[in-house]
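I have placed the structure first, in the form of structure tokens, so that the comments after it can refer back to it.
Each chain gets a letter, A, B and so on, in the order the sequences are listed, and its residues count up from 1.
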Amino acid sequence: MNTMPNQLKQFREDRLSRILDEGTPQLLDQPLIKRSLAVVAVASSWITFATLLIATNPQVSDDFRSLTRLRIIASAAMAVSFLLLRVSMRRVTSLPDEFLDERELANRDWAFRTGYMVIRRVGLALTLLLIGFLVFSPFIQVPRGPNSDLLWLFHFNNSLLGYVTQLVSTTGPVMYFAWVAFLLTYVAYSFPLVLLAWREAREGVVIKGRHPDQSNLHKLATRYFRKLWRVVIFGALTIASMYSFSVFQYGYIWVIFAWVTYGVYVYFWAIYKLGSTLIALQNPALGANIRLVRQSLLRAFTTSAITGALIVFVFAFANQLNLNILPAFFFGFASVILHIYCFALVRRIAYMTASEQRN
Amino acid sequence: MGRQPKQDKDQLINHVESFRTKLGLSRQQLADTVGVHLQTIGYIERGEYAPTLALALRLAKALNCSTEELFQPKAEY
């Protein structure tokens, strides 16, 4: 029966099968790359945190405080390094115990335990800081005298309500707490991976999947089109309901945020998968026809990378160079069209490989 | 006396590499025989990972020797 638990079980089995089939990409299994990713993940989160602290400091001049661009770059580095680390270490972090040996299990448990210890302390420190701020700031403000206890309670209540109200607003100092919460979540997710990547980087061994040939290419293209279809349907529903019910407020922004986040994920997933496919297809034993299609794939991928870089350029320098941001949407659309073309080529290569193997 | 923290004397000297090369086995072959990942053999040979008793016994069996021959404590108790 196609019940929810069965679907979840199927989803987990598919994921497991995918990890076992694909193995770890050669590039991400290099010790230097693993350690570099670990360093970038930690450094970029510290840079993001530092830019937040500088931005909230009233002693610092406005020129020095405008570190938005650095924060955007550091945040992007955080996201990219985390995703790559996740792929690099997913064998150890995601496979069930029976697929790992005792050293890998010990390393995995050590990394998650250490990550938990760090998060526990940082989380406690932040919570105490916030509680201290809430409790003591009204206490200091209230003058001593008759009824000062009641006044203090009144101020505390006001202060608490004020903070809760600010938590849901997009401006105000509490927005920085949202950033800190985001960083904390990031550390919770990425720190065990950083520790594992560092420890597992003593020697470079390519962990091959069960099928190192091109038989998975067809499956890969199907996965992309399925993901893209989800983005389109989700987007259509989001926009349609936005205009039908005019519910732009009341938390609806989170639906749009989820849609955009998923779209961005699919975009980067496509870049990563196309890059690894191009590397995997660097095989001189492939037939001349497949090599020709690979060249077309490389050209389309390079063009999509240029359009992608142009999006970043427009957003990064829009203010400085007085640029209109509309072309960025055009470049984004062009990139997606190019990705569709690239995956159509990937599918074609899969058919050609299958036909070559039959002959 | 109660439980003591891990010390240098708890560290092991191992002869896995010499036994393996004597038998002409590659790391991959040994890893496949004892059912661990290739990297794990490297970690054990460099002394960066002390195997469990079960794995030590499997290694000894695969290398045709006893566990005492394969692993010895760095310092005498």
side-chain contact (heavy atoms from CB on, under 4.5 Å), that's the test. Do A:Glu102 and B:His37 meet it? Break it down for me. CA-CA 9 Å; A:Glu102 57 174 53; B:His37 193 265; over 6 Å; no
Does A:Trp110 have more than 12 heavy atoms from other residues, nucleotides or ligands lying within 6.0 Å of its CH2? yes
Measuring from A:Arg103:CZ to B:Thr52:OG1, what's the distance to the nearest 0.5 Å? 13.0 Å
Other residues, nucleotides and ligands only: do more than 12 of their heavy atoms fall within 6.0 Å of CZ on A:Arg86? no
For chain A, which residues from residues 54-61 of chain B lie under 4.5 Å away (heavy-atom distances)? B:Leu55
Search all heavy atoms of A:Arg199 against all heavy atoms of B:Tyr43 and return the closest pair with its distance. O-OH, 2.6 Å
Greater than 12 external heavy atoms within 6.0 Å of A:Phe225's CZ: yes
Of B:Thr40, B:Leu38, B:Ile41, which is the lone residue that meets side-chain contact (heavy atoms from CB on, under 4.5 Å) with A:Asp101? B:Thr40
Report, as yes or no, whether the 6.0 Å neighbourhood of atom OH on A:Tyr262 holds more than 12 heavy atoms from other residues, nucleotides or ligands. yes
